[in-house]
Amino acid sequence: MTPSPKENPKCSLLSSIGNVSGISLDNSDVSNEEDSSPSIIDSSDISIQSAQSQQEVREEFQSKARDFEYLLEEVTKMILDYYDECGRPTQTKICDSFGAPEDILRDLGPLTETAGTNEDCLRDIQVCFKHSLKTMHPFFLDKLYFGSDPIGQIAELISAVMNANTLVYHVSSVFSTMEVEVIQRFGEIFGFKKDSIEGIMNPGGTMSNTVALLLARNEHFPHVKTKGWQTKDRPVAFTAIQSHFSIRSAAMIVGMGNDNMVQVPADRTTSQMDPSALEQCVKDEIAKGNHPFFVNAVSGSTVMGAFDDLKAIAKICKRYNLWLHADACWGGFLIFASPEKQRNRFDGMGEVDSVSFNAHKGLGVPQQCSMLITNNKKGALIESNGIEAEYLYQNNKYDVGVKSLSCGRKGDALKLWLSIRKHGFDGFRQIADNELAKTEIMTKLVKASDDFEMVAEPMGTNVCYWYTPEYFMLYPEEYTSNRKARVHQLIFDRMKKYGTCLIQQNPLTEFSLPNFFRLALGADRTRFKDMEFLLEETRRLGRDITPSDIESIE
């Protein structure tokens, strides 16, 4: 039905899909020239529509529909087999055939000039399942993302079928509306004032963090957008030494250079940024004649899972007029934890200027689903990122692309919206509480085992520990830092080839720590009793290691 002149189609749409954030929008929230135009129905349009309704479906669309039906049926069989394999985690290897590129290319076969068949495509899909790590496997614990669930997978399929671009509202009305709504709701969950929230969804946390630095640059150095950096600017920013590499990449991208992203010392026991060290760094840079303008704090660091003291850091940022960004890409899902489990991790979050969060990490939404949310910075995204393009943008709140650095934008909000619809925010709370409970269990198991040693007490859901093989238990003086590093590298290689689990191992050079295992728990894909199995599987793959086994490892 065509809306009357007084109806706002965007508000009607919001009512029809349901309001996740609980905010009501009136017609004043949206401005578009089309909305104020009278609705006129031409009689010729009616006759055209009537004729079209009686047309046969075009032959090429019938052919595409048959292809889709056949491919979906055949691929569904593969997917259900994948579910079955991943659903037997103690018996199923993480990867059936971890092949080298040449092995994979041999199985795929060469790309050809001539068209192939559906069967050719299905064989390539089988190769994907054969040679890829099973990320749906509950014990795929190598990275900070996990297997997705069915509603997210269906959302990705729908997004591909509709192929909408969330650049401007009129080509992506539902997805654009969903994006604005989920940004609003998550801003409120992070403690931002309702009327001060704005944001954008991005293809990954690196982009979200980069945009945050761009916003701060534009606030302090607005001329850079059009004129570029000037000699007198001398920008400098600060980040926790435990921060993600994307912050240094962002410094490179915005043109200030990553040498001007000062890494602030952290506490060895907690890995938190030292606020007093931050303030001293700021003073030192001012004394050099530099212009501090941005601080990146971490709410869930990649390796140790550290949560910086946002309250203390916010005071320093206000004192020196610095933009405070919180990178909560990983640890942000713990905002849903019950009050008794929260442990003040997010105290001060309401005082930050921006926060980045990846729903595809701890909440198990399919990749990629990242957002940057600003607090009390209305209009900053358009001022920083917007480029005049009258042929595209019509001064519409739901033309979300104008805030973005991208022109082509997927409807990533759909998978998050449907995940909320399916599981509710109560489901997210259960994820956070369960993962914190499993963290406690794993920590107790490590401490109770003579052949395992904690690296540090967890602040979130990252459990970091060393393993000692039987030989080195007998000869501990031979278990040097170099050998410890090599042992963990070898066990990790064995996990990839023979194991039923895959747990990240890495050193921490800023604290001179040799390689250790970093078990990161999220998305509630494991069971409580699995924690004991993960330690036993590590023993199985590593207990027989002796010095001769690791001599060739660099």
Query - Presence of salt bridge, D426 and R429, under 4.0 angstrom - result: yes
Query raised in the report: Does the side chain of D433 pick up a donor-acceptor pair with the side chain of S338 at under 3.5 Å?
Result: yes
Requested in this report: Could you tell me whether K496 and D142 have a side-chain N and a carboxylate O separated by less than 4.0 Å?
Outcome: no
**Report entry** For E74, all residues meeting side chain to side chain donor-acceptor pair (under 3.5 Å), sequence neighbours excluded
**Finding:** K77
Report task. Assign the ring pair W466 / F516 to parallel, tilted or perpendicular, where the plane angle (0 to 90°) is split at 30° and 60°. Result -> perpendicular
Query raised in the report: If you count the non-hydrogen atoms of other residues, nucleotides and ligands that lie under 6.0 Å from CE in M78, is the total more than 12?
Result: yes
Query raised in the report: Which of parallel (below 30°), tilted (30 to 60°) and perpendicular (above 60°) describes F428 and F186?
Result: tilted
Query raised in the report: Does K438 pair with D524 as a salt bridge, N-O distance under 4.0 Å?
Result: yes
Query raised in the report: Side chains of D327 and H244: do they bring a donor and an acceptor to under 3.5 Å?
Result: no
Query raised in the report: Do T90 and T500 have side-chain atoms, one donor and one acceptor, less than 3.5 Å apart?
Result: no
Query raised in the report: Going by an N to O cut-off under 4.0 Å, is there a salt bridge joining R527 and E532?
Result: no
**Report entry** K410 bridged to E156 by N-O distance under 4.0 Å
**Finding:** yes
Query raised in the report: Looking only at side chains, do H360 and D412 share a donor and an acceptor under 3.5 Å apart?
Result: no
Query raised in the report: Which heavy atom in C464 sits nearest to a heavy atom in V303, and how many Å separate them?
Result: SG-O, 3.4 Å
Query raised in the report: When you check the gap from the basic side-chain N to the acidic O, do E69 and R66 get nearer than 4.0 Å?
Result: no
Query raised in the report: Which pairs, with at least one residue in residues 102-123 and sequence neighbours excluded, count as a ring-ring contact (aromatic ring centres under 6.0 Å, His included)?
Result: none
Query - R494 with D544: basic N within carboxylate O range, under 4.0 Å - result: yes
**Report entry** For S172 against A164, the heavy-atom pair lying closest together
**Finding:** OG-CB, 3.8 Å
**Report entry** Salt-bridge contact R106-D103 (side-chain N to carboxylate O under 4.0 Å)
**Finding:** yes
Requested in this report: Flag yes if more than 12 heavy atoms outside F528 fall under 6.0 Å of its CZ atom; otherwise flag no.
Outcome: yes
**Report entry** R409/E179 salt bridge by N-O under 4.0 Å criterion
**Finding:** yes
Query raised in the report: Between S208 and N202, do the side chains contain an N or O donor and an N or O acceptor separated by less than 3.5 Å?
Result: yes
Report task. Please check if any side-chain donor atom of N506 sits under 3.5 Å from a side-chain acceptor atom of Q504, or the reverse. Result -> yes
**Report entry** Residue pair T92 / E85, side-chain donor-acceptor N/O under 3.5 Å
**Finding:** no
Report task. Return yes if some donor-acceptor pair links the side-chain N/O of S243 with the main-chain N/O of T239 below 3.5 Å, else return no. Result -> no
Requested in this report: Fit a plane to each ring of F517 and H488, take the angle between them on a 0 to 90° scale, and name the class: parallel (under 30°), tilted (30 to 60°) or perpendicular (over 60°).
Outcome: tilted
Query raised in the report: Any donor-acceptor pair under 3.5 Å linking the side chain of T526 with the backbone of D530?
Result: no
Query - Parallel, tilted or perpendicular: ring planes of F346 versus F307, cut at 30 and 60 degrees - result: perpendicular
Query raised in the report: Distance only, no hydrogens: is a donor on one side chain within 3.5 Å (strictly under) of an acceptor on the other, for Y471 and E478?
Result: yes
